[in-house]
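In what follows, a structure is listed as C-alpha cells, so that the remarks can point back to it.
All heavy atoms count here, side chains included; hydrogens, waters and symmetry mates do not.
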Amino acid sequence: MSEQLFKSFAIIGAGPNTGIHIVKAFLAIGAPILVIARPASTNVAALPADDPNLTVVRADYTSASEISAVLREYKVDVLISTVTLVFGGVVGQTVLADAAKEAGVKLFVPSEFGIKPQLAKGGLAFQKTDFAVYAKSIGLPTLRVFNGLFYEFVPWLTALADTGKFHIVNKGETPGSFTAVSDVAGYVAHILTTQPPSRLLDVVIQIEGQRATLSEIGALYKGRAPVVYCDHLPTEGVVNAHFRTFFQKHIEAGGGSCGWNPVTESDDAESASRDNSLWEGHHWLTVSEALAQ
C-alpha cells in the first residue's frame, strides 16, 4: 500500500531572495500554497493576485499561538521557512517550530538553502545548526535542503555589484556547489508534492546545479568586468566586506561544496549532487546559462 503524499503546504518568509520563487514554483505546477506574511510586509505585492491556488494571510511571526492557529485552520502538512539569517529570522524559527509542533504539522523545512553551516558557536551560519538541534529536541521532523551557493549570490560575494570588479580572495581554485534559485525553488516544490513522507522526514538533501570554482566563474565575465585577485575585499563602498572575505575563505577551504562535512572538514565531491536524481529529467541551469538570463 502506497503512502499518502503531503497535501497542504504553507510558507513563511516569502521575500524576494528565495521565498517568492518557491511560491511561484508551487503555483507553476498547480499546487495550492498558503503564504503567511508579517502584518506590515509588502513582499506579497509581488505575488500573483488572481491565482486560485494562492492564499495569503497575515500573522505575527513572534507569536507561536497566532502562527499555530493559522496552521491548524488550514490543516497544514508542511511548513516551509525562508526567513533571512541576516536579520535574525533563523534565530526566531524556534517560535515557528513550537507553533508547527503544536498544530500537528508533519514536516518543517527550515531556512537552509545554501551551504552547510559551521558547527561551532560563532561559525558561519551556526544558528542553523542550533535550530536543527532544537527541532529534533521537540520531535519536529525536518527536511534540510543544501544547494551550495546561489548563482545570483556571486555578484554580492565578489563585490562585483558594488565595484564593477569581480574580486577573488586568494586563488579561488577550490570547487564548490552552485545552483540557480529557480532550480532550488522548483526542486523544493517538486519533491514535496511527489515524494512519499518516509523519503523526506528528518532528511538532509544535497543538490548542485554545477560544480565550479570562483576563478572559473570569474572567467565568464571576461570582457564585461575585470577580475581582481586579492587578500581581502576592498572596504570602501563595500558593506560587510570583512564578512564576504571570510565567506570566500571558507569556500576556498572547501565549505562551498554540498559534499562538505563540517565535522571532518573534508569534501566528498560525488555526494554533493546525490539528491538531484529526485527531480528526474530536470535540466539544471549552468552558471553561464544563469548569467545569460
Side-chain angles (χ1 to χ4, degrees), residues 15-21 43 46 82 84-90 111-118 122-126 128 146-185 207-260 265 267 269 272-273 284-293:
N17 293 326
T18 309
I20 194 169
H21 298 279
N43 289 328
T82 57
T84 177
L85 171 66
V86 177
F87 298 108
V90 169
S111 185
E112 300 284 1
F113 309 115
I115 66 172
K116 291 180 178 176
Q118 293 180 310
L124 191 63
F126 74 93
K128 295 184 177 184
F146 297 108
N147 55 265
L149 290 90
F150 289 113
Y151 298 148
E152 296 82 358
F153 178 70
V154 173
W156 176 88
L157 180 64
T158 59
L160 173 64
D162 310 85
T163 67
K165 299 178 181 179
F166 194 100
H167 291 83
I168 297 176
V169 176
N170 298 330
K171 296 181 179 179
E173 294 179 349
T174 303
S177 302
F178 293 85
T179 314
V181 65
S182 59
D183 279 340
V184 176
I207 55 176
E208 178 183 86
Q210 181 181 345
R211 194 164 187 81
T213 67
L214 282 177
S215 182
E216 290 169 342
I217 295 175
L220 296 175
Y221 283 88
K222 184 177 181 180
R224 292 192 287 173
V227 176
V228 178
Y229 290 87
C230 53
D231 294 327
H232 54 79
L233 266 63
T235 56
E236 185 176 352
V238 180
V239 178
N240 294 323
H242 296 297
F243 174 73
R244 300 191 215 188
T245 295
F246 171 71
F247 203 125
Q248 284 206 37
K249 288 182 177 179
H250 181 61
I251 296 170
E252 186 76 357
S257 170
C258 285
W260 178 252
E265 295 190 341
D267 181 27
S273 60
W284 297 82
L285 290 176
T286 64
V287 180
S288 58
E289 287 171 338
L291 291 176
Q293 291 188 339

Legend entry - Side chain Ser177, main chain Asn147, donor-acceptor under 3.5 Å: no
Inset, instruction - Scan residues 154-179 for pairs that pass salt bridge (charged side-chain N to carboxylate O under 4.0 Å, His left out), counting only residues two or more places apart or in two chains. - result: Asp162-Arg244
Inset, instruction - List the atom of Lys128, the atom of Ser111, and the distance in Å for their closest heavy-atom pair. - result: CE-O, 3.0 Å
Legend entry - Donor-acceptor contact present, side-chain His167 to main-chain Val228, <3.5 Å: no
Inset, instruction - Say whether, by atom type as modelled, one donor and one acceptor occur between the side chain of Gln248 and the main chain of Val169 under 3.5 angstrom. - result: yes
Inset, instruction - Taking the side chain as every heavy atom from C-beta outward, state whether Glu112 and Pro117 have any pair of such atoms under 4.5 Å apart. - result: yes
Inset, instruction - With rounding to the nearest 0.5 Å, note down the distance linking CG in Leu291 to OH in Tyr151. - result: 9.0 Å
Inset, instruction - Check whether any side-chain heavy atom of Val238 sits under 4.5 Å from a side-chain heavy atom of Thr163, and report yes or no. - result: yes
Inset, instruction - Could you list all the ring pair (Phe, Tyr, Trp, His ring centres under 6.0 Å) pairs where at least one residue sits in residues 219-240, not counting sequence neighbours? - result: Phe166-Tyr221
Legend entry - Note, Leu220 side chain near Val287 side chain (heavy atom, < 4.5 Å): yes
Legend entry - Shortest non-hydrogen contact from Gly176 toward Glu208: O-OE2, 4.3 Å
Inset, instruction - Walk me through it: do Lys249 and Asn170 pass the test side chain to side chain contact (heavy atoms under 4.5 Å, CB included)? - result: CA-CA 8 Å; Lys249 288 182 177 179; Asn170 298 330; 4.2 Å; yes
Inset, instruction - Kindly give the heavy-atom pair with the smallest separation between Ala241 and Pro234, and that separation in Å. - result: CB-O, 3.3 Å
Legend entry - Nearest heavy-atom neighbours spanning Pro155 and Thr158: O-OG1, 3.6 Å
Legend entry - Separation between NE2 of His250 and OG1 of Thr174, rounded to the nearest 0.5 Å: 11.5 Å
Inset, instruction - Start with the C-alpha distance between Ile207 and Ser273, add both sets of side-chain angles, then the distance that settles side chain to side chain contact (heavy atoms under 4.5 Å, CB included), and finish with yes or no. - result: CA-CA 4 Å; Ile207 55 176; Ser273 60; over 6 Å; no
Legend entry - Asp231 to Thr245 - nearest heavy-atom pair and separation: O-CG2, 4.1 Å
Inset, instruction - For the pair Phe113 and Phe150, evaluate side chain to side chain contact (heavy atoms under 4.5 Å, CB included) and give the outcome as yes or no after the intermediate values. - result: CA-CA 9 Å; Phe113 309 115; Phe150 289 113; 4.1 Å; yes
Inset, instruction - For the pair Glu216 (side chain) and Thr213 (backbone), establish whether a donor and an acceptor sit closer than 3.5 Å, ignoring hydrogens and angles. - result: yes
Legend entry - Heavy-atom side-chain proximity of Phe146 to Ile115 below 4.5 angstrom: no
Inset, instruction - Output the distance between atom CD (Glu152) and atom OG1 (Thr18), rounded to the nearest 0.5 Å. - result: 9.0 Å
Legend entry - Ser257 side-chain N/O to Asp267 backbone N/O, donor-acceptor pair under 3.5 Å: no
Legend entry - Side-chain heavy-atom pair Leu149, Phe247 within 4.5 angstrom cut-off: yes
Inset, instruction - Calculate, to the nearest 0.5 Å, the distance between atoms CG and CD1 belonging to Leu160 and Ile217 respectively. - result: 11.5 Å
Inset, instruction - Give the minimum heavy-atom separation between Thr82 and Gly19, together with the two atoms involved. - result: OG1-CA, 3.4 Å
Inset, instruction - Before giving the answer on side chain to side chain contact (heavy atoms under 4.5 Å, CB included), spell out for Trp260 and Glu265 the whole-Å C-alpha distance, their side-chain angles and the decisive distance to 0.1 Å. - result: CA-CA 7 Å; Trp260 178 252; Glu265 295 190 341; 3.7 Å; yes
Inset, instruction - Output yes when a side-chain donor or acceptor of Gln210 lies under 3.5 Å from a complementary backbone atom of Phe178, and no otherwise. - result: no
